[in-house]
Amino acid sequence: PYDLNPFNMNPLRDVVDDVIDFSKVDASGIKLYLSATNVQSGHVTVFSDGDISIDTVLASACLPQTFQAVEIDGEAYWDGGFMGNPSLFPLIYSGAPRDVLLVMLNPIRRDGIPKRAGEIQDRMNEISFNAALIGELRAIAFVQRLLDDGMLKEPMLKRYRRLNIHAIKGGQDLLEFSLRTKFDTSWDFLIKLRDIGRGAAEKWLAECGDFIGTNQTTLDLRQEFFEG
């Protein structure tokens with residue numbers, strides 16, 4: 001992006017600016033968290049409340065192979081997926097509802113060994129972007145086990161709480177699409193993605209919707225992320 005786009009022209013900035021009124025987002029009262037990766041420190045930064053702006057949105061989606069790093073208050077940021085995809089820890093400490101619904105776009109498992117250059121790069125991206133999420137889910141599973149075994153006593157109980165994790169595994173529905181489709185912006189394809197998403201959501205609601213608010217997790221963290 002620096003060699004081929006030295007003037008840092010970013011059409012995505014114009015699209016976001018046209019579509020989103022950030023003053024209304026800020027006034028809505030909805031708690032919104034966006035994560036970005038600090039390029040120099042390698043740490044995740046979570047933007048929230050009054051920090052949400054066009055720059056933080058672009059920073060949270062800045063793929064370094066495509067865009068120049070987004071600078072905010074003198075710091076350079078890349079896509080938050082490198083360190084938090086998404087970051088779940090704000091939900092633990094912000095008093096958010098105990099039920100957390102993940103919409104997973106990258107498959108955890110993909111059968112077969114990639115051999116073409118594009119396939120190898122695509123699988124590397126899936127693994128690296130899933131790594132941060134898996135790390136946080138393992139930490140949540142560890143805390144759940146401590147709670148279940150009664151190993152956390154006061155005052156630790158005030159700091160840690162159970163999160164009920166649920167997931168729409170959209171990544172499995174997208175396995176058929178090749179790397180090339182990531183750049184497909186045709187209307188027919190976008191409509192197809194929308195329909196797949198709605199189908200996955202309706203299937204999840206039918207199977208798991210009744211468990212929301214019952215203090216029960218519908219995603220087996222140990223089976224999904226510890227075994228195999």
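All residue numbers in this chain count up from 1 along the given sequence. Remember, it's a predicted structure, so these values are computed and weren't measured experimentally.
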Self-check item: Atom of Asp99, atom of Gly213 and distance for their closest heavy-atom approach
Solution: OD2-N, 3.1 Å

Self-check item: SB check Lys203 Glu207 (cutoff 4.0 Å)
Solution: yes

Quiz item: Is any side-chain heavy atom of Leu32 less than 4.5 Å from a side-chain heavy atom of Val25?
Solution: yes

Exercise. Check whether any side-chain heavy atom of Met83 lies under 4.5 Å from a side-chain heavy atom of His43, and answer yes or no.
Key: no

Quiz item: Which residues pass the side-chain hydrogen bond (donor to acceptor under 3.5 Å, both in side chains) test with Asn106, sequence neighbours left out?
Solution: none

Quiz item: Does Val15 belong to the same Ile/Leu/Val/Met/Phe/Trp/Tyr cluster as Phe67, with side-chain heavy atoms less than 4.5 Å apart forming each link?
Solution: yes

Quiz prompt | Ile30, CD1: over 12 other non-hydrogen atoms inside 6.0 angstrom | solution = no

Quiz prompt | Point-to-point distance, once rounded to the nearest 0.5 Å, from OG of Ser128 to CZ of Phe82 | solution = 6.5 Å

Quiz item: Got a second to check how far Leu163's CG is from Thr217's OG1, nearest 0.5 Å?
Solution: 8.5 Å

Quiz prompt | ILVMFWY network linking Tyr33 to Ile52, side-chain heavy atoms under 4.5 angstrom | solution = no

Quiz item: Can Leu58 be reached from Val44 by stepping across I, L, V, M, F, W or Y side chains whose heavy atoms are under 4.5 Å apart?
Solution: no

Quiz item: Rounded to the nearest 0.5 Å, how far does CG of Asp173 lie from CG of Asp195?
Solution: 12.5 Å

Quiz item: Should Lys31 and Ser48 be marked as a side chain to side chain contact (heavy atoms under 4.5 Å, CB included) after you check the CA-CA gap, both sets of side-chain angles, and the distance that decides it?
Solution: CA-CA 7 Å; Lys31 289 186 177 296; Ser48 62; over 6 Å; no

Self-check item: Pair listing, side-chain hydrogen bond (donor to acceptor under 3.5 Å, both in side chains) test, anchored in residues 5-19, at least two apart
Solution: Arg13-Asp55

Self-check item: Atom CG of Leu175: over 12 foreign heavy atoms under 6.0 Å
Solution: yes

Practice problem: Please confirm whether the backbone N or O of Cys208 pairs with a side-chain atom of Thr218, one donor and one acceptor, at under 3.5 Å? | Solution: no

Quiz prompt | For the student: nearest non-hydrogen atoms of His166 and Leu219, plus distance | solution = CA-CB, 4.4 Å

Exercise. Could you tell me whether Arg180 atom CZ has more than 12 heavy atoms of other residues or ligands within 6.0 Å of it?
Key: no

Quiz prompt | Derivation of the side chain to side chain contact (heavy atoms under 4.5 Å, CB included) call for Leu34 and Val46 | solution = CA-CA 6 Å; Leu34 296 177; Val46 177; over 6 Å; no

Practice problem: Name the orientation class of the two ring planes belonging to Phe177 and Phe189 (parallel below 30°, tilted from 30 to 60°, perpendicular beyond 60°). | Solution: perpendicular

Quiz item: How long is the gap from CD on Gln121 to CZ on Arg116, to the nearest 0.5 Å?
Solution: 16.0 Å

Exercise. For the residue pair Ser23 and Asp21, confirm or rule out a side-chain donor-acceptor distance under 3.5 Å.
Key: yes

Practice problem: May I ask you to say whether Arg109 pairs ionically with Asp111, meaning some side-chain N is under 4.0 Å from a carboxylate O? | Solution: yes

Quiz prompt | Note, Arg198 side chain near Arg194 side chain (heavy atom, < 4.5 Å) | solution = yes

Self-check item: Distance (rounded to the nearest 0.5 Å) between Ser41 OG and Glu75 CD
Solution: 7.0 Å

Practice problem: Specify the closest pair of heavy atoms between Ala76 and Ala69, including all atoms of both residues, with the distance to one decimal. | Solution: CB-CB, 3.9 Å

Exercise. Would you check if the side chain of Glu136 reaches a backbone N or O of Leu88 as a donor-acceptor pair within less than 3.5 Å?
Key: yes

Quiz item: Is there a side-chain contact between Gln65 and Pro1, using heavy atoms and a 4.5 Å cut-off?
Solution: no

Exercise. Could you tell me whether Glu176 atom CD has more than 12 heavy atoms of other residues or ligands within 6.0 Å of it?
Key: yes

Quiz prompt | Val16 to Ile54 - nearest heavy-atom pair and separation | solution = CG1-CG1, 4.0 Å

Self-check item: Same cluster (ILVMFWY, side-chain, under 4.5 Å), Phe183 and Met9
Solution: no

Practice problem: For the residue pair Thr37 and Asp79, establish whether any side-chain heavy-atom pair is separated by less than 4.5 Å. | Solution: no

Quiz item: Under the ring-ring contact (aromatic ring centres under 6.0 Å, His included) criterion, do Tyr77 and Phe47 qualify, and how do the steps go?
Solution: CA-CA 12 Å; Tyr77 294 96; Phe47 299 99; 5.5 Å; yes

Quiz item: Got Leu102 and Ile168 here, is their nearest side-chain heavy-atom distance under 4.5 Å?
Solution: no

Quiz prompt | Heavy-atom pair with the smallest gap, counting every atom of Pro107 and Asn130 | solution = O-ND2, 3.0 Å

Practice problem: Quick one: do Ile108 and Met104 satisfy side chain to side chain contact (heavy atoms under 4.5 Å, CB included)? Show the steps, please. | Solution: CA-CA 9 Å; Ile108 300 294; Met104 304 174 67; 3.8 Å; yes

Quiz item: Does the side chain of Val57 reach to within under 4.5 Å of the side chain of Phe22, using non-hydrogen atoms?
Solution: yes

Practice problem: Work out which heavy atom in Leu105 is nearest to a heavy atom in Leu174; give both atom names and the distance. | Solution: O-CD1, 3.7 Å

Exercise. Check the hydrophobic clustering (I, L, V, M, F, W, Y; side-chain heavy atoms under 4.5 Å; chains of links allowed) and say if Leu101 and Ile165 are grouped together.
Key: no

